[in-house]
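Just below is one structure, and these are the notes that go with it.
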Amino acid sequence: MITPDLSDTTCDQTASAEQRAREEELLQRVVDSFAGTADLRVKQLLEALVRHLHAFVREVRLSEDEWKQGIDFLTAVGHITDERRQEFILLSDTLGVSMQTIAINNEAYADATEATVFGPFFVDGAPEIELGGDIAAGAAGQPCWVEGTVRDTSGRPVPGARIDVWEADEDGFYDVQYSDTRTAGRGHMFSDQDGNYRFWAITPTPYPIPHDGPVGRMLTAAGRSPMRASHLHFMVSAPNLRTLVTHIFVRGDELLDRDSVFGVKESLIKDFIEQQPGTPTPDGRDLGNRPWSRTRFDIVLAPAAEAEPSHINPVSASNG
Ligand code: BEZ
Ligand code: FE
């Protein structure tokens, strides 16, 4: 195991040699306290955590008042967290830690589609829709035709891939945020024999992450916006292939370069082509005089590294 020497690079170089020795001696004693940890992975995690935390404290020369403010902040994050709201994951998302974890665990593989943050609004057991069906189910917004294929990295179509999709309505709310128990803006389908899929959704629009708690206060203090770039979530799974958790984003959206959770990747930005009222729809659906849009998302799944225990990515699985 490689252990970076953080003591020399991150402590205040103006501290006297004697002071630095005192700080390093304390760090070493704490690291040594984990020497007997039976699980070697737990030992590695604890030792590295301590080294990095001490490096942070030493680098910024943390005052005792700042230490207290940090404790108060984390306490507030804990207090607002319950089974419906996971402020710690929101904190991880807004600090880019979720995306970094996703990057580490979803290494680029050939031309496999890139993953991004899961978000808090997935619901297991969303209704199945026919290919070409409408996930909107009454969610307000402009109709949007979405189509594409699911292939593996050899270019072979993947029939029967499960495709879960979910999105906010045009007012920026997911159905789980409605005051009633309606299901809208979500569903799942299976790719056909040729790996093709298609469905009606609504054109994605921007919305803020929950920002009425400590994470929102942190964003305000940093002059950062809570807004997420417009997106449509996908989770795609098939036997022996790596489950893909991702979204597609709308080309031209002005929030693409300042998504509050750092979820945007260039390869996931798609054209959502506006269609004038009266433009014939791909499936003959009559939209009256409403405008609509269409997009294409061709999905490539990497091989599964090993048998995956679950189709749900644990990172950011229930925040909000
Ligand atoms: C979302 O995609 O809805 C989301 C992702 C991360 C944090 C909050 C919301
Ligand atoms: Fe979302």
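Counting begins at 1 with the first residue of the sequence. Whatever order the structure lists them in is the order used to number ligands and atoms, beginning at 1.
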Sub-4.0 Å atoms of ligand 1 with respect to non-hydrogen atoms of Phe121: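 Once the distances to Phe121 are compared, the set is 3 (O).
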Proximity of Tyr174 to ligand 1 by residue part, where a heavy atom lies under 4.0 Å: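 Answer for Tyr174: side chain.
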Mode of Ile89 contact toward ligand 1 - side chain, backbone, both, neither (heavy atoms, under 4.0 Å):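 No part of Ile89 is near ligand 1 at this cut-off.
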Nearest-option assignment for atom 2 (O) of ligand 1, heavy atoms, candidates Gln86, Met99, Arg228: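 Comparing heavy atoms across Gln86, Met99, Arg228, the nearest one to atom 2 (O) of ligand 1 lies in Arg228.
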Plane angle bin for Phe122 and Phe118 - parallel if under 30°, tilted between 30 and 60°, otherwise perpendicular: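 Phe118 and Phe122: tilted rings.
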salt_bridge(Asp175, Arg182) N-O dist < 4.0 Å: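 Looking at Asp175 and Arg182, the cut-off is not met.
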Carboxylate-amine/guanidinium contact Lys68 Asp72, below 4.0 Å: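 Looking at Lys68 and Asp72, the cut-off is met.
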Thr246 side chain to Phe234 backbone, donor-acceptor under 3.5 Å: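 No.
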Expected output: side-chain Ser293 to main-chain Thr203 donor-acceptor under 3.5 Å: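 No, because the side chain of Ser293 does not come within donor-acceptor range (under 3.5 Å) of the backbone of Thr203.
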Metal proximity, His247 vs the Fe ion (ligand 2), N/O/S cut-off 2.8 Å: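 Checking the Fe ion (ligand 2) against His247, no N, O or S atom falls under 2.8 Å.
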Worked check of salt bridge (charged side-chain N to carboxylate O under 4.0 Å, His left out) between Arg251 and Asp253: CA-CA 6 Å; Arg251 194 177 312 284; Asp253 182 345; over 6 Å; no
Proximity flag Tyr207 to ligand 1, non-hydrogen atoms under 4.0 Å: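 So Tyr207 counts as touching ligand 1.
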His231 atom NE2 and His233 atom NE2 as seen from the Fe ion (ligand 2), angle to 10 degrees: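 Approximately 90° at the metal, rounded to tens of degrees.
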